Protein chains: 4
Amino acid sequence: MSRTGPKRSESIRLAVLNAADDLLVERGFDGVTIEGIAARAGVAKQTLYRWWKSKVDILLDTLAGDARDGLAWQLGSASAEEELQRQLRRINAFFHEPAGHVLRALLGHAQTNPATARALREGFLREQRERDRAGLRAVLARHTACQTARQTGRHLDDHVVDGLLDLLLGPLYYRTLVGDRAAEPAILDATAHLVLDTAARITRSDQEPSG
Amino acid sequence: MSRTGPKRSESIRLAVLNAADDLLVERGFDGVTIEGIAARAGVAKQTLYRWWKSKVDILLDTLAGDARDGLAWQLGSASAEEELQRQLRRINAFFHEPAGHVLRALLGHAQTNPATARALREGFLREQRERDRAGLRAVLARHTACQTARQTGRHLDDHVVDGLLDLLLGPLYYRTLVGDRAAEPAILDATAHLVLDTAARITRSDQEPSG
Amino acid sequence: MSRTGPKRSESIRLAVLNAADDLLVERGFDGVTIEGIAARAGVAKQTLYRWWKSKVDILLDTLAGDARDGLAWQLGSASAEEELQRQLRRINAFFHEPAGHVLRALLGHAQTNPATARALREGFLREQRERDRAGLRAVLARHTACQTARQTGRHLDDHVVDGLLDLLLGPLYYRTLVGDRAAEPAILDATAHLVLDTAARITRSDQEPSG
Amino acid sequence: MSRTGPKRSESIRLAVLNAADDLLVERGFDGVTIEGIAARAGVAKQTLYRWWKSKVDILLDTLAGDARDGLAWQLGSASAEEELQRQLRRINAFFHEPAGHVLRALLGHAQTNPATARALREGFLREQRERDRAGLRAVLARHTACQTARQTGRHLDDHVVDGLLDLLLGPLYYRTLVGDRAAEPAILDATAHLVLDTAARITRSDQEPSG
DNA sequence: GGGTAACCGAGACGGTACGTCATGTCTTCGC
DNA sequence: GCGAAGACATGACGTACCGTCTCGGTTACCC
C-alpha cells in the first residue's frame with residue numbers, strides 16, 4: 001500500500017473492501033470484525049473508523065460495486081419469458097458469488113437491526129428496485145409490443161410494476177433466504193411464466209375499458 | 001422464580017424465554033446477550049449454559065411454542081381462495097408479533113451462520129414446512145373437490161406442493177424480509193389467486209394424460 | 001496461577017504486583033501499562049480493572065508491603081547520632097531497591113497528577129510519616145536521656161518533630177530526587193548531626209523557662 | 001501567527017510555549033500532548049516535531065526563560081541570614097507559579113525517565129546549580145567578611161558549597177515534592193540559620209590549622 | 001524578478017494502549 | 001445437590017495520541 005498523504009488512499013480502500021469480503025465468505029458475518037479487517041488489510045483500525053461508520057458500512061460499500069453488476073438486467077433478443085428466466089437465473093447465481101453472500105449477510109442483519117435496515121435500503125435496495133423496475137418494464141414493453149403492436153408497458157405505474165416484481169422475485173428470494181436448498185430452475189421458470197401471464201391480464205383489463 | 005431443587009425448574013425456563021423475547025423486541029438480536037438474559041431473568045449464567053447451547057438455542061426454544069400457533073392453518077368453511085388469503089394474512093400478522101420478530105431474527109442470523117441455519121431448519125423450518133404442506137393440500141383438496149368432484153389434491157407429491165408453497169409464500173416473505181414496507185393485502189390476494197390457478201392447471205395436466 | 005473461582009486469587013495478586021514492579025524497573029513508569037502488566041502476569045486486563053483502579057493503584061499496592069520494611073526504623077544500641085546516620089543510609093539504600101524505584105515513580109507522577117498525589121499521601125506517605133515520627137522520637141528520647149537523665153523526647157509535639165524530620169530527610173530526598181548523583185555518606189552524617197544539635201537546642205530552650 | 005515563510009516564526013514558538021504551559025497547569029503533565037499543544041497553539045503537529053524533540057523538550061524550553069528569573073538570587077543589603085531566608089521564600093513562591101509547575105512536572109517525569117532526567121540536568125539543573133553556588137558563595141562571603149574581615153567564602157570549594165546547598169535547599173524541596181503541605185516560613189528560616197551555622201563552623205575549622 | 005527552498009497548516013496513515021463489554025469455563029457456598 | 005454469584009482468560013469494541021509521511025500554499029532569499 002503506497003504511503004499516501006493527506007488525501008484518501010484508494011489502494012487502502014480496495015484492500016479493506018477485499019479483506020471484508022474475504023472474511024465474510026470465510027467466517028460469516030460474526031467473523032467479520034473491524035480488527036480482523038484491519039489486520040488482514042494491513043491497515044490501522046483508526047483508518048477504518050475514519051472512512052466507514054461500522055462494519056456494515058464497509059460491507060455496504062462492497063455491494064455498491066459488485067451487486068450492481070451481479071444483479072444487472074442484461075437484455076438480449078430472446079423472448080420476454082426467456083429474458084425473465086435468464087434474469088432469475090442470474091440472480092440465483094449471484095447469491096453464490098461473494099457479493100451475493102454480502103447481500104445475504106446484510107439482509108440478515110437488517111432483520112433485527114434498524115440502522116442496518118435503513119442503510120441497506122437507502123444505500124442499495126432502493127436503487128436496485130429502480131433498476132429492477134426498469135428491467136421488468138423493458139421486458140414487458142417488448143412482450144406486449146409483440147402481442148399487440150403497442151408499447152403498453154410504459155403505462156404500468158410503479159405500484160403495479162412493484163407488485164409484479166414481488167411476484168417475480170419473491171419465490172426466488174424465499175428459497176434463497178428461507179428454504180433449505182437453493183432455488184431450482186423449474187420454480188424460476190414457472191415464476192417467470194406466471195408473471196408474464198399476470199402482466200398480460202393486467203394489461204388487457206387496462207385496455208378493455210378504453211377500447 | 002422457585003429458588004432451587006434437584007429438578008429443572010419450569011418457572012426458570014419460562015422466565016428465561018420471556019427475558020430473551022423481551023430483549024429481542026427491545027434491543028434487537030445483537031442486544032440479546034447471555035448476560036442480559038441472565039440478569040433480566042434473575043438467573044445465573046451457568047443455568048443458561050446448562051440447558052441451552054447458545055442464545056440462538058434459547059430463541060429457537062421460544063419459537064417452538066409461539067410460532068407453531070402463529071403460523072397454524074386454521075381452515076374454516078370458506079372458499080379455497082379465501083382460505084389461502086386468510087392464511088397469508090395470518091402469516092403477515094404473525095411477523096408483527098414478538099414470535100414473528102424471533103423468527104425474523106433467526107432467519108437473519110441463519111444467513112451467515114451455518115450452525116444457526118442448521119438448528120433453525122431442523123428445529124423449526126422442517127416441521128413448519130410439513131404443516132404448510134398439509135394445510136395447502138387440504139385447501140387444494142377441497143378446491144378441486146368442488147371443481148371436479150374428485151380429491152386429486154392428495155395426488156400432488158411433495159415436490160409439487162413445495163413448488164406451490166414457494167409461489168404462495170415467496171412474495172409475502174420477500175416483502176417482509178427484503179421489502180421496505182410490509183406486504184399489502186392486494187399482493188397477498190393476488191398470490192393466493194395465482195397459486196390456485198397454477199394448481200388447477202397442474203391438476204388438469206395431470207389428469208389429461210390419464211383421461 | 002490457580003484457575004479461578006468466586007474468590008479472589010491471591011496468587012494472581014502477587015503475580016500482578018511482581019509484574020508491575022519488574023516493568024517499572026525495566027522500562028520506567030511510562031513503560032508500565034495495564035496491558036503490559038496483564039501480559040507479563042499472564043492475566044486478563046479485566047482482572048486488573050476488577051481489583052485496581054489504575055496502574056498507580058497497582059504500584060501503590062506494591063509499596064504497601066515493600067516500602068514499609070525498607071524504610072522501617074531498626075533501632076539498636078548505638079548512639080543517637082549513629083542511629084540517625086544508619087537510618088539515613090538505610091533510606092538511601094532503599095532508593096536503589098525496586099521498591100525504592102516505585103516510590104520515586106509515584107512521587108514523580110504525583111507532582112502533576114492530583115489523584116496520584118492524594119492516593120500516595122493517604123495510601124502511604126501519611127503512615128510512613130507516622131512511623132518516622134515514632135522513630136525519631138525514640139532516638140531523641142534515648143539521646144536526651146543520656147544527656148540529662150530525663151526523657152524529654154516525648155515532650156516534643158508533632159509539629160516540632162515534623163520540622164526535625166524535614167531537616168533530617170530533606171537533604172537526602174533532595175539529592176535523590178533532584179541531584180544528579182546519589183547522596184553521599186558525608187552529607188547524610190552531617191544532616192544527622194545537625195538535627196540532633198537542633199533538637200538539643202529546642203529541648204534546652206523548652207526547659208529553661210520551666211527550670 | 002505569521003502565515004509562513006522560510007524563516008522560523010518566533011510568534012509560533014511563543015504560542016507553542018504558552019499553550020504547553022497552559023495545558024500543564026490546567027490538565028497536568030499527562031494532559032499535555034503534542035496534539036493538544038498543536039491544537040491550542042493553532043499549529044501543525046509537524047511544526048512541533050520540526051523544532052522540538054518531544055513534549056519534554058518543549059517544557060524545558062519554557063523553563064529556560066521563566067525559571068532562570070524565578071530562581072535568581074537577588075542579593076540586597078540585608079544580613080546573610082536574612083538573604084538566605086529571602087531566597088528560600090523566593091524559591092517557595094516560584095513553585096506556585098506556572099514555571100514552578102513546569103519544573104515540578106519535569107522533576108517528576110525525570111524520576112523514571114532517564115532521557116528526561118538527562119535533558120533536565122543538562123538543560124537546566126546544571127546551570128541552576130552554578131547560579132546557586134554563586135549566590136550562596138556571595139552570601140557567605142559577606143557573612144564571614146563581617147565576622148573576620150576576611151573573604152574566606154571564596155575559599156570554599158564546590159564540593160563544600162554543594163553540601164551546604166543540599167542542606168539549604170533539601171528541606172524546602174522535600175516539603176514541596178514529598179510533603180502534603182507547602183513548606184512553612186519557620187522551617188525555611190530554621191534551615192537558613194542552620195546552614196550559616198554550619199558554614200561558620202566549617203570556615204573556622206578550615207582556618208585553625210592554618211592559623 | 002523568477003526559481004528555489006524552507007516554513008507552515010492540514011491531516012492520512014500504521015501503531016499502541018486505553019477502559020468496557022460479552023463470551024464460555026470454572027469454583028465456591030447457601031438453601 | 002442444585003443454582004446464585006461471580007472470578008477468570010479471551011478477544012473485540014471504539015477512542016486518543018503517537019511519530020512519520022505527504023500534500024498544497026506561502027513567503028524570503030539568491031541568482
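Worth saying up front: this structure is predicted, and the values here are computed from it rather than measured. Convention: sequence-line order gives letters A, B, ...; per-chain numbering from 1.
When each of E/dT23, E/dG14, F/dA7 is scored by its nearest atom to the side-chain atoms of B/Y49, the top-ranked nucleotide is E/dT23. Of the listed nucleotides (E/dC29, E/dG14, E/dG24), E/dC29 has the atom at the smallest distance from the side chain of C/K7. Closest to the side chain of C/I12, from the set F/dA4, E/dC18, F/dA9, is F/dA9. Of the candidates E/dC7, F/dT20, E/dT23, E/dT23 carries the atom nearest the B/T33 side chain, counting heavy atoms from C-beta on.
Taking atom CD1 of D/I37 as the reference point, atom C1' of F/dA16 lies 15 Å away to the nearest angstrom. Counting to the nearest Å, the P atom of E/dT20 and the CZ atom of C/R50 are 13 Å from each other. In this structure, CG of A/L23 is placed 11 Å from P of F/dA12, rounded to the nearest angstrom. In this structure, D/D57 atom CG and F/dG19 atom P are separated by 12 Å, rounded to whole Å. As rounded to whole Å, 13 Å separates atom C1' of E/dT23 from atom CD1 of B/I58. For the pair B/L48 CG and F/dA5 C1', the interatomic distance rounds to 13 Å; values are reported in whole Å. Whole-Å rounding puts the C/R40 CZ to F/dA9 P distance at 17 Å. Straight-line distance from the CG atom of A/D30 to the P atom of E/dG24: 11 Å, rounded to whole Å.
With contacts defined as side-chain heavy-atom distances shorter than 4.5 Å, the pair C/W52/C/L17 qualifies. Annotation: side chain of C/D21 is in contact with side chain of C/D66 (closest heavy-atom distance under 4.5 Å). Counting heavy atoms from C-beta outward, A/D30 and B/H109 have side chains that approach closer than 4.5 Å. Side-chain contact between D/V32 and D/R27 is absent, with no heavy-atom pair separated by less than 4.5 Å.
If you check every strand for non-hydrogen atoms under 4.0 Å, D/R8 touches sugar and phosphate atoms only.
For B/T47, no side-chain nitrogen or oxygen approaches OP1 or OP2 of F/dC2 to under 4.0 Å. Contact annotation: D/W51 side-chain N/O to E/dC8 OP1/OP2 distance is under 4.0 Å.
Judged by the 6.0 Å distance and 45° axis criteria, A/R8 is positioned over the aromatic ring of A/W51.
One donor-acceptor pair, N or O on each side, does fall under 3.5 Å between the base of E/dG19 and the side chain of C/K45. In this model, no side-chain donor or acceptor of A/Q46 finds a partner on the base of E/dC13 within 3.5 Å.
When the nearest nucleotides of DNA chain E are assigned to D/P6 and C/V32 by heavy-atom distance, the more 5′-ward of the two goes with D/P6. For the pair A/A44 and C/E35, nearest-nucleotide mapping onto DNA chain E gives the more 5' position to A/A44.
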